[in-house]
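What follows is a single structure, written as structure tokens, with notes after it.
Both backbone and side-chain heavy atoms feed into the values below; hydrogens, waters and symmetry mates do not.
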Amino acid sequence: MSQSQSRTQGRTEAAGEPDPRRWWGLVVIALAQLMVVLDATIVNIALPSAQRELHMSDANRQWVITAYTLAFGGLLLLGGRIADLVGRKRAFVTGLVGFAVASALGGAATGQGMLFGARALQGAFGALLAPAALSLLTTTFTDGKERGKAFGIYGAIAGGGSAIGLIAGGLLTEYLDWRWCLYVNVPIALIAIAGAWVFLHDRRGHGGAARLDVPGVLLGCGGLVAIVYGCSEAQPRGWNDGLVLGMLVSGAALLVVFAWWQSRVRYPLLPLHIVRNRNRAGAFLTMALAVIAMFGMFLFMTYYLQVVLGYSPVKTGMAFLPITAAIIVGSTQISARLLHHIPPRVLMVPGAVLAAAGLAWLTTLTAEPAYVSHVLPSEILVGLGMGLIFMPVMATATAGVAPQDSGVTSATVNTAQQVGGSIGTALLNTIATSASATYIGSHLASAAREAGGRLTPAARDGVVKDGVVHGFTVAIGWGAGIMLLAAVVAGVLVNGKAPKHGEGQGAPQ
């Protein structure tokens with residue numbers, strides 16, 4: 001950016017006028033956010049190919065996913081505070097550069113260790129990039145009506161990025177190579193970097209005399225890492241495993257000490273007034289609960305389509321297009337248009353109920369092909385519901401925050417989403433596995449008795465397939481209940497009014 005452009009933008013900002021390039025800035029922010037969100041799922045479909053080529057064991061392959069989620073979820077608070085101290089645009093561009101380099105390293109991996117390290121590096125830079133992106137969005141759009149439109153687009157990306165990742169992963173893996181699931185981030189990041197320099201304001205950080213809260217970093221990030229790791233290990237080990245329980249208990253203990261320390265330190269990593277605000281607390285909790293339920297649906301529907309119905313990776317990804325379209329419609333055409341006129345919870349509560357209804361629809365799923373009759377209508381209901389939730393949640397969580405705290409507040413929104421996804425994947429998968437094992441065990445025994453102890457392979461496979469789907473439906477039923485709990489939380493805690501014209505906040509201080 002030229003010095004004249006910087007001076008012009010500085011005068012515009014000082015005069016309180018909207019940034020004339022703000023909508024192009026939104027495109028840049030959205031592109032970066034899409035890259036971070038879809039990267040959490042795009043590698044899933046490529047994982048079998050990467051495992052074969054790099055000779056990974058079944059026990060170690062999970063680290064391709066876990067290394068990313070651990071670094072991303074554990075370092076979000078640190079990334080948000082760094083953005084506040086050094087400046088949002090600087091943190092944004094640094095995150096983009098680091099993410100691109102880490103992606104290139106992962107794509108060029110010659111062994112599993114190199115791939116695991118690259119994924120962890122991706123997560124670390126993603127933890128810097130994601131809160132900086134949301135913070136830039138919050139500070140760029142100050143008018144309430146425009147802010148609603150911007151958050152509608154951002155919410156659509158946050159909700160639909162996972163499904164887009166499945167589609168992109170299937171296409172790249174099937175027609176190119178699994179490595180392109182990582183290489184594809186490089187050109188995206190380069191475009192976003194160029195756009196950031198041209199269209200985003202170079203805002204100074206608010207460090208001044210403030211210092212980074214190192215004990216808070218160790219306590220907060222350590223607690224989050226322990227909880228995310230405990231949840232990831234609960235999937236293969238079970239919730240009663242000593243390591244899992246130890247990680248969850250120690251993580252919770254570290255976060256308790258972290259909260260105590262934040263109330264005493266002069267420059268806290270997470271100022272407690274951010275989470276003490278009733279509307280923000282309700283938004284954070286609603287986000288976490290909704291993501292727990294939604295991640296379960298993505299996980300089980302991926303297995304249902306590929307394993308039970310035999311869909312190819314590309315066909316599986318395409319089967320998720322309706323939920324992506326529904327989220328976009330819910331966020332941009334409903335939430336963004338109404339949030340300026342009605343209180344946020346009037347969108348959140350019906351959205352959660354609608355999503356819960358879509359999940360409940362799937363509880364009647366069987367092993368017979370049922371995409372049109374069950375999966376498609378469920379995707380539409382869940383997608384519309386999540387579109388009504390994501391956008392007002394993000395707008396409410398970041399409303400009325402002081403500029404020096406916008407980065408860490410944005411990081412807290414992302415943390416709620418990330419921890420919710422980790423808990424949801426582990427919790428609902430455990431429920432599904434347990435229900436499937438019980439079903440298969442009892443029905444195999446019953447079928448064997450009826451067949452006189454001679455059960456054919458076809459009959460055995462049929463029972464197993466029915467049992468797998470039964471486990472999915474039980475876990476999705478739990479997900480529907482959790483989604484209803486999100487509706488209750490939003491209805492009780494979020495009492496902010498609709499922002500008046502020209503205001504960029506929807507929650508009282």
Side-chain angles (χ1 to χ4, degrees), residues 28 30-75 79 92-130 132-133 157 160-196 232 298 302 306 312-314 316-318 320 418 421:
V28 175
L31 189 63
Q33 177 65 12
L34 177 63
M35 182 180 68
V36 173
V37 173
L38 67 82
D39 206 75
T41 54
I42 193 172
V43 178
N44 287 10
I45 291 180
L47 187 53
S49 300
Q51 181 181 0
R52 286 193 300 270
E53 185 172 331
L54 300 181
H55 309 292
M56 281 183 266
S57 66
D58 289 343
N60 286 340
R61 68 182 177 186
Q62 64 156 329
W63 281 102
V64 176
I65 308 300
T66 305
Y68 180 85
T69 57
L70 273 181
F72 185 69
L75 297 176
F92 183 78
V93 173
T94 302
L96 283 170
V97 172
F99 203 91
V101 172
S103 299
L105 288 174
T110 56
Q112 58 181 0
M114 184 176 176
L115 181 58
F116 299 158
R119 289 287 288 166
L121 201 59
Q122 275 186 309
F125 281 104
L128 179 63
L129 175 59
I157 292 172
S162 297
I164 296 173
L166 293 172
I167 298 169
L171 290 170
L172 292 171
T173 301
E174 190 159 325
Y175 294 112
L176 290 175
D177 184 78
W178 68 267
R179 297 178 183 275
W180 279 98
C181 291
L182 294 163
Y183 284 143
V184 70
N185 292 322
V186 177
I188 295 176
L190 291 176
I191 294 172
I193 290 168
S232 66
F298 276 124
T302 300
Q306 286 192 322
S312 68
V314 172
T316 299
M318 299 302 288
F320 279 105
Q418 179 63 29

Test side chain to side chain contact (heavy atoms under 4.5 Å, CB included) on Leu96 and Met35; report intermediate values, then the result.
CA-CA 10 Å; Leu96 283 170; Met35 182 180 68; 3.7 Å; yes
Where [X] and [Y] come nearest, the two heavy atoms and their spacing:
| X | Y | answer |
| --- | --- | --- |
| His55 | Gln112 | O-OE1, 4.4 Å |
| Ala71 | Ala124 | CB-N, 3.7 Å |
| Phe92 | Ala133 | CE1-CB, 3.8 Å |

Would you give me the side-chain donor-acceptor pairs under 3.5 Å for residues 181-191, sequence neighbours excluded?
| from | atom 1 | to | atom 2 | distance (Å) |
| --- | --- | --- | --- | --- |
| Tyr183 | OH | Gly107 | O | 3.2 |
| Tyr183 | OH | Ala108 | N | 3.3 |
| Asn185 | ND2 | Asp39 | OD1 | 2.7 |
| Asn185 | ND2 | Ser103 | OG | 3.1 |

Under a 4.5 Å cut-off applied to non-hydrogen side-chain atoms, are Phe125 and Val101 in contact?
no
If you round to the nearest 0.5 Å, how far is CG of Leu54 from CH2 of Trp178?
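Rounded to the nearest 0.5 Å, the CH2-CG separation comes to 4.5 Å.
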Tell me, which pairs form a salt bridge (Lys or Arg N to Asp or Glu O under 4.0 Å) where one or both residues lie in residues 97-114, sequence neighbours left out?
none
Among pairs that include at least one residue of residues 93-112, which meet salt bridge (Lys or Arg N to Asp or Glu O under 4.0 Å), considering only residues two or more places apart or in two chains?
none
Contacts of [X] that satisfy side chain to side chain contact (heavy atoms under 4.5 Å, CB included) - sequence neighbours left out:
| X | result |
| --- | --- |
| Leu128 | Ile82, Ala91, Thr94 |
| Leu176 | Leu172, Trp180 |
| Ala102 | Leu121, Gln122 |

Has the side chain of Arg119 got a donor or acceptor atom that lies under 3.5 Å from a matching backbone atom of Tyr68?
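Answer holds: no.
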